[in-house]
Amino acid sequence: MICVTALVTFLTCMVLSEAQHEAGYCAFYEECGRNPLLGPTLIPPIVPCLNYSKARPVTGDHYKKLKQVCPILDRGENNTYACCSIKQLTSLETSLTLSKVVLIRCPSCAENFAHLHCITTCSPNQSQTVKVTKVMNVTYLGREKEAVVGYQAFINASFAEGAFQSCKNVRIPATGGFAVGTMCGRYGAKLCTAQRWYDFQGDSSNGLAPLDIDFRLLKEGDTTVLPEGVIPYSGTALKCNETTPSGGQVCSCQDCQESCPIVPPPPPPSDPLRLFGVDGFFIISVILFCLLVLAFLVIYPSEVTCTDRISLAAHSFLSLLFQRWGTFIASYPLTVILVATAIVVAFSVGLKSIELTTDPVELWSAPSSRARKEKDFHDTYFDPFFRTNQVILTAPGRQGHIYNSLLFGQQNFSGLVSKDLVIQLLELQKRIQFWSDDLNSTASLKDVCFAPLNPSNPSLTDCAVNSLPQYFQNSLDNINAKVNMTELGVTKEVDWRDHLIYCLSSPLSFKDITDLGMSCMADYGAPVFPFLAVGGYENDDYTNAEAFILTFSLNNYARDNPKFKVAMQWEKEFLRIVQEYQKDPACNFTFAYMAERSLEDEINRTTAEDIPIFMISYAVIFVYIAVALGEYSSWKRILVDSKVLVGLGGILVVGCSVLASMGFYSWIGIPSSLVILQVVPFLVLAVGADNIFIFVLEYQRDVRRPGEKREEQIGRVLGNVAPSMLLCSLSESVCFFLGALSTMPAVRTFALYAALAVVMDFVLQMTAFVALLSLDARRQDSNRCELLCCVTVSTQRPNKPNEGFLRPLMRKYYAPVLLNCYVRIIVMFVFIFAFCGCLFLMFHVKVGLDQELAMPKDSYMLVYFEYLYKYFEVGVPVYFVTRKGYNFTSVEGMNGVCSSVGCDQFSLTQKIQYATDYPDRSYLAIPANSWVDDFIDWLNPGSKCCRLYTIGPNTGKFSVWACTNNCMASPGDGVLRPSVEDFNRFLPDFLGNRPDLKCAKGGFKMFSLFDLITLLYIHVNRNDVFVFAASRFMAYHIPLTNSQEYTAALKTARELAHNITLGMRNISGTSPDFEVFPYTVTYVYYEQYLTIVPEGLFNISMCLLPTFLVCCLLLGLDLCSGLLNLFTIIMIVVDTVGVMTLWGIDYNAVALINLVTAVGISVEFVSHMTRSFALSTKPTHAERAMEATANMGSAVFAGVAMTNLPGILVLALAKAQLIQMFFFRLNLVITLLGMAHGLIFLPVLLSYFGPGVNKAVLLQLQQAKSKASKELETRSNVGPTYDNMSYEDSETKKGQRL
């Protein structure tokens, strides 16, 4: 038997070697059954019979089939010869169809691909092109025949290279990859060449080739390896930008670079302003500095004064009004306190219905904003972007290896991509998936997961979980599978690595090219793109990745949906399991993780942890106020003269004003936020403490006049200081009310709450606090201890004013030094220089808020962000959404959005493709896929996807089975476009067709995964007509790492969408209000940074305007004081932004809130000093500035600066970076700059440019002194008086004498 076999083999070799290569002769003909060397394949591997004979004439049905499959061989019905039977043509058509599915987008490519295989299979000169190298005896239809199972094909290299060049750029829109990437084996798209491309086509192990074909690509004139008589085929390959002989149009730009029009690159980012080659803002700052210095040196003020009766009238009116008011309140303290308490309680009751906004979208994006409207539109017509729960795993330090694959050659595998770690990843994935069984399915993954292919009743395997084990359908058996495989005569074991290599380059494949025969699709039925499964690779070297990515996607339910709580519970348990796994000693991974709820959880956690810090901060402020307000004339009276209860009362006034404000707005339905809870009390405390200090210190420095009651003295003191308090409070409240014009919800609600709180604080100070001070004054006059009211001391209160410590210090030392002629010049130069320098820095402040700052320093989210930026190779998906008004059913409409052959060169998808060519400017990495392209390909007869029943009751209806009738005929020019009727007829079938091995273009997967279309049915003339309410096309951003990049990506995406909109509006049938807009989940957060600069300028301007107007009006139209006040506050704000740049504090909505607060606090630092200077009657500007600095400066320093600083310094201990950055650093800067400008710069500025002495005030003062001296002379003739004794004091002393 062995001898017989050897003889047969010898004779076969003799026959093959003696076979001639002549024109008009075939090397093989007709089918001889299955290839016995191959196992299961994608299509039956039918091989031809060895048959050296003349080519057969082709007529009748045979000719029609040849003309259909291989039109290149058509020479007319009576003049056409071929070396293939009609059965061979049918098998060839089936084989070509599967490949054409991904090549049909480019007709010249598809024709070149078919061209060569028609030559090797059917050419009448077949024997001159091929050499049979291997035959086997097979039994076919009961007869034993010699079947060809291998041959060589000799091709001219120029033809082969031309065919390859026509196909190398043909894309698969769904993946963004190239078709040759799936047709070049181990080399992928980047390393693919013509030889490697043909080698893969001739490799029978790819599941498509029925036998082995050794393609020999020979250069012109190379005859070294040519058998005698063989002539390399040297036909002409079509270029991709050429039409085909059958009328096919040129390939589209997306598939053929030669077809692309000349598109200028997008303009580079605008260069910063430059003048004379230097930073323009620097030049402007230098010029401004010179102008201000020149103005200071030239415009030196004179000591000329003017009479301003209006100023006097305003001052007199307000002083008299508040004097009477204060006397009245001080006379009925208990009643006033009870009434004030009742009012506060009435307002505060509204707190029972308070709503605390924690949703970032509601906080930072206005409902009327463009991004918010676009988000609402998107979520209305498509499901909201799913909730992401992710784990990024690495294994640093593990040694990688090189795997010598039978099919793919040597491949680098990192230490991470190893079998044991893949199995561990699968175990972790299953642990997370199945944990809900322990909780009686109260929070089962299948109840809340995103299940694109079975959303109504999903099982766990229907849930969209993206991970590397999904390439093995999450099956341990598939990971462990291995099989021996023979390739090109070499037998070797293939295992999970071969399958993985193939799937990473062909994620849409339903069957790999190995003998394992496993699918690459995930168990839930969709592809897992490699950039979603692994990270940290270079140049698409996926197996050398440094990170696994495990992603669980949940449905994004509305917060009022009961399933929202279930999703939140599942995510909570997800975090618990991952954290426990991280602590497991058996864990070989180093990883980071996050849940959708993580950001909100971490912010709430750090807020709760930092509440004690805020409490300590307020406690420090309270202790300071209580101690600083005391008089302390002697140790014996320390318990009498202390002001603990007054300080507590001041704190309560602040607290009650905040509660009343919050309660009122809760009544009317305006929600609060954590920003309000943290900032408004601090702001009102700064404003309120200042007023308290000014009032109390003025009272302590005052001496009761002869015959004056204590209540009258309190009223008179209030009349002196209340106009200044009104000036500040009114300025701040109007400032904040105008700030409520902001479109940003968080800023608007903050401004409203702050404005009313400031108003309520002033009202309570004028009522409850005056009443409290009156009660405390009675106690102090009676020498009773503060906390032990029944205890009295014998030491009498000294009959002289108490100046305290600061006022004498400032009067004797600080003010004279500051207002020295040389020091004043230095101060002006230093502050002008600082102002111009900070103005320059202000133009370079970074705009944005990186999400890491919202996290505490010990948050696991910081590690996640680090991993995200390090390992992710693709950013967030971005959808280009179309609104209603575009006719997709017309030919022109389809051409306006598709990207395949016949499409507009500037269609929607083409413009996105052009943008991805410049990712550094467009921030787009992967172009958009188009459901229109897939629909057209699905309809194309070459894809064999759209089929109709030919018999039975469903004749003419869509069938998922292989029936003979195609839905549409092949177009003559290769450009298939359905009619309106066919479009409406077949679109539902496309959307309901699940993709499979026979048809990968089924639309059910894409429609379910991405909800590409929202259709409305309109019944017209007994037919259902589609109206496209919305559609979307998904692309991908590049990885975005900071808020500046997110903002730039939004801006460029909108510019691109606007350009697309203008182009599509020119298409006939398009509504004039049709629009395309970009959407991704992050846009709603980052849109604010596109407008936050003008928004901030508007808000701060609205705050500055009332400070100027109120100052002018309350000082009696004192324009000079108003302008100096305004200029100083502007300097504080500008300097604050400049220091923000130096200290790395970005400008954002939180910073804007603080800057608005800075205006309010600056009013406290500035306005009191300005008013004190304006009402001073000293003869010179310098003396008036000294008096204002000594009298009011000491109160401002004690009341504003020293009240804020201790509390701010405590905030440095907070864990939250956001609090440290924007509440510690920024508030510290605001306070220090306000103190420096209010107590250093402003007195010097007033000493030069302040208003002159108000002669009306001076005259009134002189008349009052003259009147007082006359009364003193009259009373001296009557008898002695007791200057500081009230009626109550006299009665008390009489009782003591008795």
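Start at 1 with the first residue, then count along the sequence. Small disclaimer: the values here were computed from a predicted structure and weren't measured.
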So Leu775 and Leu645, side-chain contact (heavy atoms from CB on, under 4.5 Å) or not? Walk me through it.
CA-CA 10 Å; Leu775 290 175; Leu645 293 179; over 6 Å; no
Step by step, would you call Leu1226 with Thr1136 a side-chain contact (heavy atoms from CB on, under 4.5 Å)?
CA-CA 8 Å; Leu1226 193 49; Thr1136 299; 3.9 Å; yes
With ring pair (Phe, Tyr, Trp, His ring centres under 6.0 Å) as the criterion, how do Tyr332 and Phe328 come out once you've worked through the C-alpha distance, each side chain's angles and the decisive distance to 0.1 Å?
CA-CA 7 Å; Tyr332 305 98; Phe328 172 77; 5.5 Å; yes
Thr1128 and Ser1162: side-chain contact (heavy atoms from CB on, under 4.5 Å), yes or no, with the steps?
CA-CA 8 Å; Thr1128 307; Ser1162 299; over 6 Å; no
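The nearest pair of heavy atoms linking Ala330 to Glu711 is O-CG, 3.5 Å. When all heavy atoms of Tyr1085 and Tyr1089 are compared, the pair lying nearest together is O-CE1, 4.0 Å. A pairwise comparison of heavy atoms in Val1156 and Cys1103 identifies CG1-SG, 3.7 Å as the closest pair. The minimum heavy-atom distance linking Gly326 with Val770 is given by the pair O-CG1, 4.1 Å. The two residues Arg778 and Pro333 make their nearest non-hydrogen contact at NH2-CD, 3.9 Å. Considering every non-hydrogen atom in both Gln1088 and Ala1149, the closest pair reads OE1-CB, 3.4 Å.
Here CD1 of Ile1161 is found 12.0 Å from CD1 of Ile1129. Values are rounded to the nearest 0.5 Å. To the nearest 0.5 Å, atom CG of residue Leu1205 and atom CG of residue Leu1232 are 5.5 Å apart. Taking CD1 of Ile343 as the reference point, atom CG of Leu338 lies at 11.5 Å (rounded to 0.5 Å). Residue Phe1197 holds its CZ atom at 16.0 Å from CE of Met1192, rounded to the nearest 0.5 Å. Annotation: the span from Phe695 atom CZ to Leu718 atom CG amounts to 5.0 Å, rounded to 0.5 Å.
A donor-acceptor pair under 3.5 Å links the side-chain atoms of Thr341 to the main chain of Ile337, judged by distance alone. For the pair Asn1099 (side chain) and Glu1095 (backbone), a donor-acceptor distance under 3.5 Å is present. The backbone N or O of Asn1191 sits less than 3.5 Å from a side-chain atom of Ser1194, completing a donor-acceptor pair. Judged by distance alone, the side chain of Ser657 and the main-chain N or O of Val654 form a donor-acceptor pair under 3.5 Å. Although no hydrogens or angles enter the test, the distance criterion places no donor-acceptor pair under 3.5 Å between the side chain of Ser365 and the main chain of Glu362. Under a 3.5 Å cut-off, the side chain of Ser348 and the backbone N or O of Gly663 do not form any donor-acceptor pair. Proximity of a side-chain donor or acceptor of Thr1231 to a complementary backbone N or O of Leu1228 within less than 3.5 Å is not detected.
For the pair Leu1209 and Phe1224, the minimum side-chain heavy-atom distance is below 4.5 Å. Within the 4.5 Å cutoff, the side chain of Val1134 has no heavy atoms near those of the Met1131 side chain. Under the 4.5 Å side-chain criterion, counting only non-hydrogen atoms from C-beta, Leu730 is in contact with Ser733. Between Phe1173 and Leu1124 there is no side-chain heavy-atom pair separated by less than 4.5 Å. With a 4.5 Å cut-off on side-chain heavy atoms, Asp1135 and Phe835 count as touching. Counting heavy atoms from C-beta outward, Met725 and Met766 have side chains that approach closer than 4.5 Å. In this structure, Leu772 and Asp776 have side chains that are not in contact, with every pair of non-hydrogen atoms separated by 4.5 Å or more. The shortest distance between side-chain heavy atoms of Tyr665 and Thr749 does not fall below 4.5 Å.
Inspection of the Gln713 and Arg716 side chains reveals no N or O donor paired with an N or O acceptor under 3.5 Å.
Centroid-to-centroid, the aromatic rings of Phe831 and His1237 come within less than 6.0 Å.
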